[in-house]
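Here the structure is a predicted model, which is why all the values come from computation and not from measurement. Computed over heavy atoms, backbone and side chain alike; hydrogens, waters and symmetry mates excluded. Every chain is numbered from 1, with letters handed out A, B, ... down the list of sequences.
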Amino acid sequence: MYISAILSILLIGSIIAFLTRTREQARIVAVTASWIALGLATIMFLNYDPSKGLNNFKEFYNWIPSIGISYHVGVDGIGLPMVLLTVLVSALCAIYAWGEKHRPNEFFGILLLMNFALTGVFVSLDFFLFFIFWELVLIPMFFFIGIWGGPRKDYSAIKFIIYTHVGSVIMLLGIFAMYHFHGKATGIYTFDMVTLLSAYSTIPLQGIWKDFIFASLLFSFLIKMPAVPFHTWLPDAHVEAPTIGSILLAGVLLKMGGYGLFRFLIPMIPNAHHFFVYAIAIFGLVSILYSPLAALAQPDLKKLVAFSSIGHMGFISLGVAASIAAGHEIPRIFAQSGAMFQLFSHGIITSVLFGSCGVIEHHTGTRIIQDLGGLAKKMPKFTFLMVAGFFASMGLPGMSGFVAEFSVLAGSYPQLPYFVIIAIISIPLTAAYHLWALQRAMFGPYNEYLGDITEATWYELTALLIWILLILALGIYPTPLFNIMRSTAGSLTSILPIGGIQL
Amino acid sequence: MIDFRPFAYLIPILPILGFLLCLLFGKYSWRRGGMFANLTIFGSLIISLGILYNVYFQGMSFYEKSWNWFYPGIVFGIVVDPLSIVMVCMVSFVGLLIHIFAIGYMGEDPDKFLYFGETALFTGAMLGLVLSNNFIQLFLFWELVGLCSYLLIGFWWYKPEAAAAAKKAWMFCVVGDSLFLLGIVIVYNYMFSAPGITEPITFSQIFSSLETGVIPPPMLTLVSLLTLAGVCGKSAQFPLHGWIPDAMEGPTTVSALIHAATMVTAGIYLVARTFPIFMAAPNALWVVAIVGGFTALLTATMGLVVNDLKRVLAYSTISQLGYMLCMLGVGAAIGAYAVGYSIFHLISHAFFKALLFLGAGCILHGLWNIRSIKEMGGLRDKMRITSITMLIGALTLAGFPLTSGFYSKDKIIESAYEYGEIASKTGGLVHYLPWIFLIFGVFLTATYTFRMYFLAFTGKPKTYLAEHAHEPKPISSMIMPLIILAACSLIFGILTQTKFYDFLSTTFTTTTAYMSALNFEHLAKMGGNPYGLEHVETPLYIELLPTVFVFLGIGIAGYIYFNNRVDVGKYIKKGNPIYKIVWNKYHLDYVYRNLVAEKFIITLVILWDVFDLYVIDGVVNGISWLTVKSGTVIRRVQTGVVQNYATVILLGIVLLLTVIWYFGV
């Protein structure tokens with residue numbers, strides 16, 4: 001019941017927010033609805049039982065039984081942290097956007113709608129339901145960019161929606177193929193995720209179809225993550241999106257791709273072509289190395305942060321591939337739970353980074369690093385939080401990013417040693433662009449051309465502070481969350497052939 | 001007396017608590033945060049001394065405790081053994097004195113609470129690093145001290161040089177740290193897949209598994225060298241030594257605390273802590289000895305030409321760290337005692353270098369932050385106490401007989417000679433290199449130290465400010481630490497020498513609840529090290545050589561610089577090629593900054609960006625362009641003229657009929 005409660009509260013809240021007249025009403029509605037959802041998700045987190053797996057908080061109702069569509073929701077160690085991340089980031093976004101002036105009721109309505117759709121993606125256990133939510137996510141984001149965006153908002157909004165939509169359509173073909181072949185073989189036509197995924201290895205399929213199904217899903221997720229070379233929609237979308245849009249885009253929306261890897265691809269891999277394991281690892285590695293080099297060249301602070309996301313998401317692919325490849329059980333589970341943890345951790349870290357970009361843009365009117373300088377003088381409290389966020393993004397131990405990245409690296413080395421050795425090169429480069437940006441933007445003499453700017457507002461600081469505290473808490477004591485992921489990673493690993501797949 | 005060991009975890013936690021208090025309430029408290037920082041570090045000092053008393057005088061056993069962290073085998077834990085006790089005592093003691101000094105030195109700085117918060121955090125992190133019982137926790141604190149170093153170098157962030165120096169420090173360290181991280185990953189790889197290991201992966205676990213060959217020897221060497229890379233970053237050894245001179249842009253107390261007494265010694269501590277791994281790794285210690293010895297000599301030459309008071313001290317710090325590292329390297333022939341010799345020098349160095357930096361702080365305080373020794377002169381009469389305490393510091397640094405520096409450095413040089421004697425029998429004369437590096441280093445150290453001292457304190461004042469310098473009030477918070485540190489520098493060596501070595505060598509050779517005593521002979525055999533092959537008597541002239549060099553160095557410095565007797569500019573012109581190359585720091589900064597960072601990385605990055613924008617995104621936009629374009633072309637077919645459609649329909653029917661007729665369907 002918790003899941004349906006969260007979904008309905010968010011949907012109803014969204015509708016109410018659209019109907020409100022004033023900014024004050026709209027933001028109260030948004031904050032209330034999203035914090036109630038956060039409260040419910042927290043209760044779910046506390047009551048989660050690792051032994052029950054996907055049956056946790058399960059709800060199952062027939063919807064269109066004639067073609068096998070049902071309302072089937074539930075969460076396990078993959079879905080629950082994602083739901084928690086979604087409602088958490090959205091709840092903090094509602095605070096961060098407290099001062100929104102431009103069409104506020106629609107803004108908050110779309111924020112809640114986004115929250116609703118994203119939560120839906122992570123709880124659906126029916127392919128049909130899943131795909132509805134998956135596509136629904138695009139619409140609020142399209143409007144975020146299109147209405148509140150920057151100067152090239154039309155180009156970016158359209159590029160964003162078409163690019164990711166191409167991925168979705170191809171995924172839809174894959175889903176249909178699975179549905180069809182399963183129905184043909186067993187006589188039962190169903191979109192139920194659990195059934196179809198476990199049937200993937202049992203139903204007789206010709207090789208080309210099997211690979212097509214796998215590749216179509218993989219392609220869609222790689223665009224969503226995004227992995228190099230399917231990443232070019234991301235910097236454009238981020239540059240034009242409003243701050244809240246960017247936070248949700250990088251903080252939660254990208255996680256749909258990573259979530260897909262765990263939810264669909266790992267259970268399917270034993271029966272897919274083993275070449276795909278290498279492909280996932282290589283896409284991960286290329287992203288890890290590509291992003292810092294591209295980020296170093298960016299004059300725009302927000303674009304720099306956008307590229308940092310690509311690299312961090314690369315660790316997820318690397319961890320997934322390493323958890324499949326042949327090797328000892330302990331490091332494989334370590335790599336996989338680390339990759340899951342990276343999903344969560346990057347969600348909150350990147351929120352701080354984009355939140356910081358937003359503060360700088362609101363208060364100085366520019367994001368171009370060369371035009372900033374010495375902001376620490378005028379915004380000391382904000383600088384403190386931003387520096388903390390940047391170091392978290394660099395993977396400073398004691399913050400959540402380190403737990404995730406260390407787990408992925410240490411867990412991947414036994415299976416894919418050369419990948420890890422190459423991935424290490426990215427660490428100094430990542431440090432370089434973060435520090436370079438900090439030095440130019442925040443330190444040094446104050447750039448007097450910026451005029452008299454003020455300290456960040458209380459709501460911006462509050463949201464950033466909560467994010468930072470969470471990052472620290474998860475960096476120092478990740479165990480409660482990590483254990484949930486570890487139990488699921490353990491059961492996912494047990495689906496795979498014993499000892500992993502020999503590459 | 002109470003058993004303090006179970007409270008050891010409070011040692012790092014108290015100063016970190018102090019950090020939080022400073023941050024939240026520092027602005028409104030006594031001395032704007034100084035109170036919290038000083039009290040909490042004092043608390044740590046009490047516990048540290050208590051544990052030292054427990055273990056050393058009462059003979060209580062060592063203590064280790066682990067708490068599970070986020071994955072089986074990965075733990076938080078503390079280890080209390082001679083090595084860590086001695087280090088925490090030093091860190092909290094010297095740290096406290098420097099914090100007391102900073103109350104006066106930071107005066108009315110508007111961000112004083114932040115300063116004390118950050119230094120308290122640093123002290124806590126450093127103490128945590130020392131007490132760590134496993135690699136991951138150590139790495140956590142390792143990076144945390146690096147972070148504090150970054151923040152404190154850039155404490156006056158509005159100065160462009162300070163902001164740049166902070167970035168440089170982090171960049172140099174991160175290069176080493178990422179390699180060190182790879183080393184840790186490799187160790188964990190073998191420990192994870194070791195059969196039957198269910199215990200937490202701690203240092204003692206790793207040491208115990210060394211003898212059973214869980215990690216193959218070539219991998220041990222790799223791990224050791226990667227660890228050494230981390231050490232080179234943090235302890236500023238060649239080729240990653242260039243960041244410390246720039247780091248002098250931070251407040252002088254920061255230089256004393258972080259870049260002289262404690263943080264930069266973390267690397268030495270790391271090698272000491274993991275010494276058994278180095279011992280068992282083939283050829284690793286040899287590299288350690290060469291890196292340490294070479295750095296010691298190289299940076300001593302740079303110390304000769306620099307005119308910035310703080311940078312002279314910075315170069316001497318790097319050089320002295322080289323001595324400590326080299327000592328551990330030549331430990332290949334000495335075994336567990338090498339740790340004691342090296343840590344002894346580390347501690348005496350912490351005393352005298354903190355003293356020298358705090359003295360420099362007094363001078364800067366009196367001279368409105370003038371740092372060039374060419375603009376000082378004659379301070380002897382203006383700053384009595386400072387000049388005497390700094391003289392003590394300089395003598396100790398040079399290794400003047402009967403000071404603690406004499407004992408600690410003498411032992412190192414003697415060991416290097418012993419190593420040369422033993423190792424050269426099988427490995428060739430090249431094994432005398434560490435000794436040669438170190439012995440020339442002694443001569444240069446004495447020379448540059450007293451060049452600095454004589455230029456600053458003797459002769460006539462060269463500027464208006466130097467003429468009107470005066471020192472802080474005698475019993476202020478700034479003078480007391482100087483006196484205490486001077487006393488420590490003088491007597492530490494005489495009081496504790498041999499007992500100290502015996503105490504520290506038990507770190508690895510005592511059986512505890514967590515680790516059986518390590519057999520160094522076996523480890524040395526694994527690593528092919530000459531330990532235990534034979535005993536060498538050092539000839540008297542070798543033992544006296546360092547002392548002779550010290551006197552020679554001081555004598556030359558005195559002959560030239562005492563009261564500015566000789567004008568060096570007459571003999572060594574600015575264009576002198578040797579002078580030029582040393583002055584330009586052997587062009588290393590040029591290579592890193594201009595060639596690697598500016599030419600290579602920036603070109604690469606620009607090309608990368610072009611590739612991203614025009615190739616990858618070009619393909620994407622090309623596909624969409626193609627779609628639109630083909631749409632426009634195909635659209636022309638829809639002419640809207642009925643005759644055209646009729647023609648096409650007719651043609652289609654004909655074609656269809658032909659096909660049917662042809663295939664006979």
Side-chain angles (χ1 to χ4, degrees), chain A residues 159 162-163 228-233 235-236 290 293-294 296-298 327-328 330-331 333-334 337 341 374 376-377 380 387 391 394 396-398 402-403 406-407 409-411 413-414 417 420-421 424-429 431-432 435-436 438-439 442-446 477-479 482-483 486, chain B residues 23 68-74 111 114 125 136-137 139-144 146-147 150-151 154 157-160 162-164 166-167 170-171 174-175 177-179 181-182 184-186 188-190 192-193 597 601-602 604-613 615-617 619-621 624:
Chain A
K159 186 171 179 176
I162 289 182
Y163 205 140
V228 177
F230 309 118
H231 66 282
T232 49
W233 61 271
D236 283 328
Y290 191 95
L293 286 170
L296 265 173
Q298 305 309 325
H328 199 279
I330 297 174
I333 296 176
F334 197 31
S337 25
F341 198 78
K377 184 180 176 193
V387 170
F391 273 90
M394 281 159 59
L396 186 78
F402 175 74
V403 173
F406 177 78
S407 307
L409 290 174
Y413 181 84
V420 172
I421 290 171
I424 291 278
I425 300 172
S426 76
I427 295 178
L429 291 171
L435 292 181
W436 176 79
L438 278 182
Q439 187 200 342
M442 309 310 288
F443 304 131
Y446 179 66
Y477 194 62
T479 322
F482 205 89
N483 277 347
R486 178 152 68 90
Chain B
L23 217 56
N68 276 328
W69 203 10
F70 60 93
Y71 198 73
I74 293 177
D111 290 332
L114 202 58
I136 297 185
Q137 186 191 341
F139 188 73
L140 191 158
F141 287 118
W142 180 269
E143 293 288 280
L144 198 51
L147 172 71
Y150 170 84
L151 294 173
W157 44 264
Y158 42 81
K159 293 199 300 185
K167 183 187 67 177
W170 186 277
M171 281 316 298
V174 82
V175 170
D177 290 352
S178 54
L179 294 173
L181 184 65
L182 181 62
I184 298 176
V185 164
I186 294 176
Y188 273 72
N189 161 32
Y190 286 103
F192 270 143
S193 41
I601 298 276
I602 293 202
L604 180 70
V605 152
I606 288 170
L607 288 177
W608 210 267
D609 195 40
V610 169
F611 175 75
D612 188 63
L613 276 182
V615 180
I616 295 194
D617 208 25
V619 170
V620 174
N621 287 335
S624 77

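Heavy-atom distances place no part of Phe341(A) under 4.5 Å from chain B, backbone and side chain included. Heavy-atom distances place the side chain of Tyr150(B), and not its backbone, under 4.5 Å from chain A. Proximity to chain A is absent for every atom of Ile602(B), based on heavy atoms less than 4.5 angstrom apart. In this structure, the portions of Ala164(B) lying under 4.5 Å from any heavy atom of chain A include both its backbone and its side chain. Interface residue Tyr163(A): only side-chain heavy atoms are found under 4.5 Å from chain B. There is no contact between Asp177(B) and chain A, counting heavy-atom distances below 4.5 Å. In this structure, chain B has heavy atoms under 4.5 Å from both the backbone and the side chain of Phe334(A). In this structure, the portion of Ser407(A) lying under 4.5 Å from any heavy atom of chain B is its side chain and not its backbone. There is no contact between Ile425(A) and chain B, counting heavy-atom distances below 4.5 Å. Heavy atoms of Ile333(A) lying under 4.5 Å from chain B belong to its backbone as well as its side chain. Of the atoms belonging to Leu396(A), it is side-chain heavy atoms, and not backbone ones, that fall under 4.5 Å from chain B.
Between Leu296(A) and Trp608(B) the shortest side-chain heavy-atom distance does not fall below 4.5 Å. Between Ile184(B) and Phe406(A), some side-chain heavy-atom pair lies under the 4.5 Å cut-off. Between Asp609(B) and Gln298(A) the shortest side-chain heavy-atom distance falls below 4.5 Å. Side chains of Asp236(A) and Asp617(B) form a contact here, defined as non-hydrogen atoms less than 4.5 Å apart. Contact annotation: the side chain of Asn621(B) approaches that of Lys159(A) to within less than 4.5 Å [non-hydrogen atoms, C-beta and beyond].
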Kindly determine whether Ile330(A) and Tyr71(B) satisfy side chain to side chain contact (heavy atoms under 4.5 Å, CB included), including the steps that lead there. CA-CA 10 Å; Ile330(A) 297 174; Tyr71(B) 198 73; 3.7 Å; yes
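When each of Val175(B), Asp111(B), Leu147(B) is checked for heavy-atom pairs under 4.5 Å with chain A, Leu147(B) comes out on top. Per-residue heavy-atom pair counts under 4.5 Å with chain A were compared for Leu144(B), Leu151(B), Leu181(B), and the maximum is reached by Leu181(B). When each of Ile424(A), Thr232(A), Asn483(A) is scored by its heavy-atom pairs under 4.5 Å with chain B, the top score falls to Thr232(A). Comparing Ile186(B), Leu604(B), Val615(B) by heavy-atom pairs within less than 4.5 Å of chain A, the highest count is held by Ile186(B).
Residue Leu182(B) holds its CG atom at 8.5 Å from CD1 of Ile427(A), rounded to the nearest 0.5 Å. Rounding to the nearest 0.5 Å gives a distance of 9.0 Å between CZ of Phe70(B) and OG of Ser337(A). Atom-to-atom distance recorded for Leu293(A):CG and Ile601(B):CD1 is 7.0 Å, nearest 0.5 angstrom.
Note on ring orientation: taking the six-membered ring where Trp is involved, the planes of Tyr290(A) and Phe611(B) are tilted (angle from 30° to 60°). Using a 30° and 60° split on the angle between ring planes, Trp157(B) and Phe443(A) fall in the tilted class, from 30° to 60°.
For Phe482(A) and Trp69(B), the gap between ring centers reaches or exceeds 6.0 Å.
Of all heavy-atom pairs between Val174(B) and Pro428(A), the closest is CG1-CA, 3.8 Å. The minimum heavy-atom distance between Pro229(A) and Ile616(B), with the atom names listed, is O-CG2, 3.4 Å. Summarising the geometry of Pro414(A) relative to Asn189(B), their closest heavy-atom pair is CG-OD1, 3.2 Å, with the distance given to 0.1 Å. The shortest non-hydrogen separation linking Ala163(B) to Gly444(A) is CB-N, 4.2 Å. The two atoms that bring Pro397(A) and Leu140(B) nearest to each other are CB-CA, 3.4 Å, heavy atoms only.
Checked against side chain to side chain contact (heavy atoms under 4.5 Å, CB included), Leu23(B) has the following partners two or more places apart in sequence or in another chain: Phe384(A), Phe19(B), Leu114(B). Under the ring-ring contact (aromatic ring centres under 6.0 Å, His included) criterion, Tyr413(A) pairs with no residue, sequence neighbours left out.
The closest side-chain donor-acceptor pair between His231(A) and Asp612(B) falls under 3.5 angstrom.
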